[in-house]
Student: 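Before I ask anything, let me first share the structure, which is written out below as structure tokens.
So you know, we letter chains A, B, ... as the sequences are listed, proteins then strands, and number each from 1. Small disclaimer: the values here were computed from a predicted structure and weren't measured.
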Protein chains: 2
Amino acid sequence: MPRLAGQIDVAKNEAILNAAVEVLTSRGLQASMHEIARRAGVSKQTIYNHYGSKAELVRAIATRRVGELTAPLDAPEATGHAEAALTAYARGLLMAYHRPGGMGLLRLAVMSACEQPDIAQVVYEAGALANRARLAEFIRREVAAGRLDECDPEQAAECFAGMVSGQRQLGALLGRPSADTEAGIDARAREVAARFIRAYAPR
Amino acid sequence: MPRLAGQIDVAKNEAILNAAVEVLTSRGLQASMHEIARRAGVSKQTIYNHYGSKAELVRAIATRRVGELTAPLDAPEATGHAEAALTAYARGLLMAYHRPGGMGLLRLAVMSACEQPDIAQVVYEAGALANRARLAEFIRREVAAGRLDECDPEQAAECFAGMVSGQRQLGALLGRPSADTEAGIDARAREVAARFIRAYAPR
DNA sequence: AATGCGATGGACTGATCAGTCCATTTTTCA
DNA sequence: TGAAAAATGGACTGATCAGTCCATCGCATT
């Protein structure tokens with residue numbers, strides 16, 4: 001009788017996904033299923049019971065992480081304190097680049113982009129685009145209240161995110177260890193937010 | 001007698017590198033040497049006569065492209081016309097993201113980052129860092145001339161490059177087709193340069 | 001104790017691919 | 001024109017790996 005997945009051990013499932021993240025982000029996409037199984041303390045067959053193929057496993061990792069990423073997007077905003085809010089946003093972004101392995105999923109998505117473009121698409125839309133949309137919404141409110149210059153909020157949001165990231169995102173994707181300190185991150189977050197406010201101050 | 005590389009057909013060498021770029025950037029890092037040879041109209045052995053291994057071939061591609069990218073950095077600057085110069089710079093960057101395949105090498109570098117960190121390093125340093133340094137030098141001169149606000153030129157350069165790129169670089173790496181038009185690129189380049197000038201205008 | 005379900009691990013298949021070898025052909029140049 | 005250098009292509013090796021199969025095991029529930 002063929003073995004079809006019925007109800008399945010949740011803890012083992014977590015172990016599989018975590019091991020897959022570790023192995024894939026450190027060894028790259030060509031890491032073997034055998035090693036993932038070993039790291040998870042599970043047999044290879046068990047992985048195939050949960051996920052039909054390596055591609056589906058990668059997809060599962062990506063969608064789980066995307067879920068984690070979008071959850072905190074709904075935190076209440078500090079409307080009216082634009083500079084403080086933008087500073088906090090910048091700090092969060094910089095910390096993500098700073099944390100080793102923080103860009104692991106993103107690198108994985110880039111590596112999958114050739115063969116599984118849908119994964120790259122999901123990661124981009126749920127990560128970068130969703131974040132930008134949230135930022136744009138904030139900027140739109142500030143503009144409407146007259147506290148920021150008339151502008152395209154989407155474009156302004158993209159500018160701000162870009163100012164914050166600079167080359168750090170690319171550096172992280174290319175495996176550069178972060179050269180930042182926590183104090184440096186704080187300083188840069190404040191500086192960038194202030195510059196943005198100057199660039200977009202009402203005339 | 002062992003076949004060691006002596007003086008070798010230059011045209012064929014170009015064909016090999018070009019074919020390797022095409023195949024590797026479209027199929028990904030796991031593309032076979034056989035296919036590269038076929039695309040180049042060359043035998044696999046010939047590739048191995050030119051480059052000892054696949055890794056060295058990838059390295060050769062990367063360093064060649066890096067050379068192409070850094071060469072035009074030495075063009076004479078439009079000192080004193082900051083906004084125009086920055087607009088031109090922004091346009092060049094945006095066009096690179098816009099051109100399909102323009103980010104192929106970068107994606108290749110990201111994919112190599114796990115197994116051949118030196119390639120990623122070379123691409124980052126010769127590409128992103130060199131570009132930023134050139135931009136920073138320009139900003140430094142403008143600051144010294146009192147046409148821009150006192151600031152850390154390196155950080156300002158990174159901000160500007162980030163503002164220009166926004167999410168486009170990531171989008172390109174993730175295989176998103178460019179949504180820009182030439183007119184849109186022009187408008188964005190002007191807008192971004194103007195915002196930057198406002199952010200960094202002397203107080 | 002019996003039953004059933006999922007986990008196990010090891011063996012196995014089939015495929016792909018880097019890199020080598022070599023007998024032969026083409027190009028280059030003296 | 002003749003010989004050396006380089007290119008060719010096809011066969012071959014060795015390794016890796018995705019995915020399958022299966023006999024067995026452990027642990028529930030009844």
Student: Taking donor-acceptor contacts at under 3.5 Å, does the side chain of A:Gln30 reach the base of D:dC17?
Tutor: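 Answer is no: no donor-acceptor pair is held.
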
Student: Taking the side chain from B:Thr25 and the backbone from B:Val21, do they hold a donor-acceptor pair closer than 3.5 Å?
Tutor: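 Side chain of B:Thr25 to backbone of B:Val21, a donor-acceptor pair under 3.5 Å: yes, one is there.
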
Student: Would you please confirm or rule out a distance under 4.0 Å between OP1 or OP2 of D:dC17 and any side-chain N or O of A:Lys54?
Tutor: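 The answer is no; no side-chain N or O of A:Lys54 sits under 4.0 Å from OP1 or OP2.
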
Student: Distance check needed: C:dG6 C1' versus A:Ile47 CD1, whole Å only.
Tutor: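 To the nearest whole Å, that distance equals 15 Å.
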
Student: Please confirm whether the shortest side-chain N or O distance from B:Thr46 to OP1 or OP2 of D:dT8 is below 4.0 Å.
Tutor: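 B:Thr46 to D:dT8 OP1/OP2: side-chain N or O found under 4.0 Å.
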
Student: In whole Å, I'd like the distance from the CG atom of B:Leu29 to the P atom of C:dC17.
Tutor: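 B:Leu29 atom CG is separated from C:dC17 atom P by 13 Å.
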
Student: Would you sort out whether A:Glu115 and B:Gln30 count as a side chain to side chain donor-acceptor pair (under 3.5 Å), showing the intermediate values?
Tutor: CA-CA 11 Å; A:Glu115 301 182 325; B:Gln30 85 307 346; 3.0 Å; yes

Student: Could you check whether A:Arg140 pairs with A:Glu137 (Lys NZ or Arg NE/NH1/NH2 to Asp/Glu carboxylate O, under 4.0 Å)?
Tutor: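 Between A:Glu137 and A:Arg140 there is a salt bridge, with a charged N closer than 4.0 Å to a carboxylate O.
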
Student: Hey, does the side chain of A:His34 come within less than 4.0 Å of C:dG9's phosphate (OP1/OP2), counting only N and O?
Tutor: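 No.
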
Student: Which atom names give the shortest non-hydrogen contact between B:Ala55 and B:Ile119, and what distance separates them?
Tutor: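 For B:Ala55 and B:Ile119, the tightest heavy-atom pair comes out as O-CD1, 4.2 Å.
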
Student: Output the single nucleotide from D:dA7, D:dC17, D:dG19 whose closest atom is nearest the side chain of A:Ser53.
Tutor: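 Shortest atom-to-atom distance from the side chain points to D:dG19.
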
Student: Indicate, yes or no, whether a donor-acceptor pair under 3.5 Å links the base of C:dG19 to the side chain of B:Lys44.
Tutor: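 Under the 3.5 Å cut-off, the side chain and the base do form a donor-acceptor pair.
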
Student: In whole Å, I'd like the distance from the CD1 atom of A:Ile36 to the P atom of D:dG19.
Tutor: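 Between P of D:dG19 and CD1 of A:Ile36: 11 Å.
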
Student: Atom NE2 of B:His50 and atom C1' of D:dA5: how far apart are they, to the nearest Å?
Tutor: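 The distance from NE2 of B:His50 to C1' of D:dA5 comes to 12 Å, rounded to the nearest Å.
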
Student: In whole Å, I'd like the distance from the CD atom of A:Gln45 to the P atom of D:dC22.
Tutor: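 Answer to the nearest Å: 11 Å.
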
Student: Under 6.0 Å from the ring centre and within 45 degrees of the ring axis: does the NZ or CZ of A:Arg176 meet both conditions for the six-membered ring of B:Tyr124?
Tutor: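 Not flagged: A:Arg176 not positioned over aromatic ring of B:Tyr124.
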
Student: Roughly how many Å is it from CG in B:Asn49 to C1' in C:dC21, rounded to a whole number?
Tutor: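 Result: 12 Å.
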
Student: Would you mind reading off the distance between B:Tyr51 atom OH and C:dG19 atom P, rounded to a whole angstrom?
Tutor: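 After rounding, the gap between these two atoms is 15 Å.
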
Student: Scan A:Ala31 against the nucleic acid and name what it touches under 4.0 Å (heavy atoms): base, sugar-phosphate only, or nothing.
Tutor: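 Touches sugar-phosphate only.
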
Student: To the nearest angstrom, how far is B:Leu24 atom CG from C:dA18 atom P?
Tutor: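 About 10 Å, once rounded to whole Å.
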
Student: Heavy atoms from C-beta onward define the side chain here; which of D:dA18, C:dG19, D:dG19 lies closest to that of B:Tyr48?
Tutor: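 So the nucleotide nearest the side chain must be C:dG19.
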
Student: Check whether any side-chain N or O of A:Ser43 sits under 4.0 Å from OP1 or OP2 of C:dG9, and answer yes or no.
Tutor: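 No, because none of the side-chain N or O atoms of A:Ser43 sits under 4.0 Å from OP1 or OP2 of C:dG9.
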
